[in-house]
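Please read the structure below before turning to the comments.
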Amino acid sequence: MGAAANGAGMSALTQRRTRAALEAARWILSALAIIAALVPLYLLVKQSITPELETFAWPPKWYPHHLTPAHFETIFAVGELRGALIRSIGVGVGSAAAATILGAMLAYAMARGPSGRKIGFAAVSGTRLLPMISVAIPLGIALAMLDLYDQPSAIGLAIVHCAIAVPTAALTLYAAFAAIAPEIEEAAWLDGASPLRIFLSVDLPMARGAIAAAFVLCFILSWDEFGFALLLQQTNRTLPPLLYYYTTFGNVGPASALAVLMMIPAVIVVIALGPVLRGSTLATGTR
Amino acid sequence: MNQASRRLRAIFIAVPSLTMVAVLVLPAIGGLRLSFDHNGAASLHYYREMFRDAMFWRALINNLILPIGSLIVEFAVGLGLALVLTARPKRSRLVEVAAILPFAIPEIVILTLARYLLMPRGYVNAALVAAHLHALPWISPSAWLAMVSVIVVDAWHVTPIVMLMLIAGLETIPPELYEAAALDGAGPIAAFRYVTLPMLTPAIIGALVLRGIDALRIFSTVLVLTGAEGVPVLSTYAYGLWSDSQLPREAMAASMILALLVTIIGIGGLAAARKWAPRQTGLA
Amino acid sequence: MASKVLSIEKLTRRFPSGGGVSEISLEVARGEFLVLLGPSGCGKSTLLRLIAGLDRPDGGTIEMDGGASVTDPVYRDRVAMVFQNFALYPHMSVFQNIAFPLKLRKVPRSEIGRRVAESARKAGLNLDLSRYPRELSGGERQRVALARALVREPDIILMDEALGSLDEQLRAGVRRELKEFQRRTERTFIYVSHDQLEALSLADRMAVMREGQIQQLGTPKEIYDHPASSFVGRFVGEPSMNLLRAEVDRDRLGVSIAGVRLALKPPENLSGAVIIGIRPRDLTLKPCEGWCAIDVEVESVEYTGATSVVRASMAGSEMTGIEVVAQVAERIAPGENRRFYFDPARVHNFEPETGKRI
């Protein structure tokens, strides 16, 4: 039975009912999406600014009775958090900068030749097949031998975050480089520029918007990454393993405050960068 | 121009690729060697030991059930949201932001939150009791309910990605097709069945492959909600062996099984995607 | 001919997908405006890119006078190119665009300023040099591209359909300016075009190309008056030349077109068939002593102002649909039966097999 026969067989009344049902389903799903996003967030924020007693009460309090800045004061007073914050920012900036440079190189080679495109996509999808745990454990052993394991500077973690962010950077930049007309490069070559100079003086400045986006995405990738951070920085923690540590040890207040703190840059960036972010998300199916 | 720029391109491919290989692939190969090395001799010792461990088999089975469950939930909800958001020419900005929000929040924050919601004296149980229902052990180790919780929480975080991929697929369907179908007398359900679904199939396959590979590597959700051994999967099983029991070789053996699983399913999936959905996965 | 600036010897470049050039030899004189003209796919752009050094030949040589081959680094300094879309750097101001070649050559800052200003003046660029390409009109962008090409004082400036992206109204003016610019700067220009009118008006010499080869090289007048082949005859000149297949009469005193006899002396050493070419503007309605005549039935008339383009079919022939196009000043209506006259001296004869001029 074809579409036409199926549709024609339906009476006008049934069609109207179907539409009403679909409209209802649309409302319910929209409402669920909003509830699923906002209610938990509200509860998290509430926990971060109310005394722990309100959270541990039974039943727990649904809205704040007393407000307190204590949890934020606690996490800032504890040296561990300051260290983790600085470390997270350092790892994020360092790995994002390196990944953006390496990603730009890869994206450029991918955009400028069919063999580059093949090798690039192979590298990008190949490394995606490796489970974090299969890499992290032996890498931890290797870093220990190089004296880079669990360093206060988190240099080992920064190297890993750089490597896992290269595909994200490359896929974000690929379209930008592919969009640059070959004539511009040819003109630069005739003007006397070497291939490297063409890349630096023509392609990079022309793709600067995408480069900024790639840098921010790589930063967020590192900022959010949990697995490698947990395994490689067991004592000199960054923020995600620190939050895990707070949560498992039952410090609800500080954990909530820390979670709120971690969420802010990521949420701002993801909402603000929505359209740019989509490109790489759609290509990788991950962040 | 050609020769010099070809040399530059070769360098530009080599440096990032070698970095990724050195940081990600070489350790994995080293780990593979480690897992076969028993007192200096090549041996299947650690694998044999592992196959005798009931926990390993639970982890292996969970490592299939949880991703499949999670994929079902995230695709059902993701498709629903994608259809809701594209149903009207003007999108509801509130619904859109709300739908993307769980994806914007760091994974560990989502998991922390989920823990507070689902813990025995958490908000979900409080709501159940308030509605005169029974409180449930949402994340008690070993309970089947904990598996459902893990599936739902895992899907909660990644559904927006699926939704975005499907919206991208929906946007490629020319509106004339719907007009033609309407003129042919198709109601909304027939239009979905005969226009939307067939046109969306490549996007669904592409998204399924990419998400599937990622879902197999499930780690944090399980670890944060139930601990390493509550609802074990291969990653957390390996993590437990390494972190808690200090057995790196056993841990590597377990993680290699996972790597094998991901590689087999991944290569099969990528081949399928190359065939059915080359554009969606950038494999064209 | 003045001293030569560039010599091309047996240049060949083939592409797997077809096209390219084969065995082209060409000498370019210093200070001339050379136009490479041909339909798309004739190899004119390939030739230009080979001369620019953007592509490498499969065989043959390109040498600048003094012996610099296209593969030598010094060669690149001596050619500049203006691209069809101008290829201006969008992230640089007009000043930075023009200064870029100098910056790459580490020219001192003060000299850069002086040379950019001079080159902008020569290219007729009267605007604020701190503006960006996206803020400029097509004509202004063209001048920026010219100034950028000129600033490093190349021997040869290559242009790839560089007026193609301007609108019709602007083109005539820019064409005049370009010619003026070339005269003033005394540079050698090699210009690729598919527009025969543009070629005729710009070129000192032009090369008409087809299927990877140069069919004819000469001044516009030589090419228009003495096309070397039926292809050149038809490609250059608007409306296109009439090409009529004629049989040489046995008595060699005339030729016949599909049975219609013309008192036209056939070329020497030729029996059988000949292609005769007559330009539409060489057909008139006024009889003249010793001229040939053909009877036609007028089919359509396109009024173009001073003249009309008349499409007519030959009357009295054994075959139908032999079309003749004429350009006349008189008023004619479709359906009329008329007689066209032409000067036998203005008839071009071509070999039927090869299309070569006899």
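Letters A, B, ... are given to chains in the order of the sequence lines, protein chains preceding strands, and every chain is numbered from 1. Quick note: numbers below take in every heavy atom, side chains included, and nothing from hydrogens, waters or symmetry partners.
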key: Residue part contacting chain B, namely of A:Leu230, when any heavy atom lies under 4.5 Å   = side chain
task = Please answer whether the main-chain N or O of B:Ser255 pairs with a side-chain N or O of A:Ser134 as donor and acceptor at a distance below 3.5 Å.
result = yes
request  = Please report the closest heavy-atom contact between A:Ala109 and B:Arg9, naming both atoms and the distance.
outcome  = CB-O, 3.8 Å
message = Below 4.5 Å, heavy-atom pairs only: which of B:Gly80, B:Ala259, B:Gly266, B:Gly227 has the largest tally toward chain A?
response = B:Ala259
inquiry  = I want to check something: taking the side chain as every heavy atom from C-beta on, are B:Arg115 and A:Thr248 in contact at a cut-off of under 4.5 Å?
reply    = yes
request  = Find the distance between CD1 (B:Ile108) and CD (A:Glu225) and round it off to the nearest 0.5 Å.
outcome  = 10.5 Å
query = Quick one: OG on B:Ser220 to CE on A:Met132, what's the gap to the nearest 0.5 Å?
reply = 6.0 Å
query = Hey, are the side chains of A:Leu38 and B:Leu101 touching, using non-hydrogen atoms and a 4.5 Å cut-off?
reply = yes
query = Hey, does B:Tyr123 have a side-chain heavy atom less than 4.5 Å from the side chain of A:Val39?
reply = no
inquiry  = Donor-acceptor pair, distance only, cut-off 3.5 Å: does the side chain of B:Arg217 make one with the backbone of A:Leu130?
reply    = yes
inquiry  = Taking the side chain as everything from C-beta on, heavy atoms only, tell me whether B:Pro106 gets closer than 4.5 Å to A:Phe226.
reply    = no
key: Pairs involving residues 247-256 of chain B, ordered by first then second residue, that meet salt bridge (Lys or Arg N to Asp or Glu O under 4.0 Å) (sequence neighbours left out)   = B:Asp37-B:Arg249
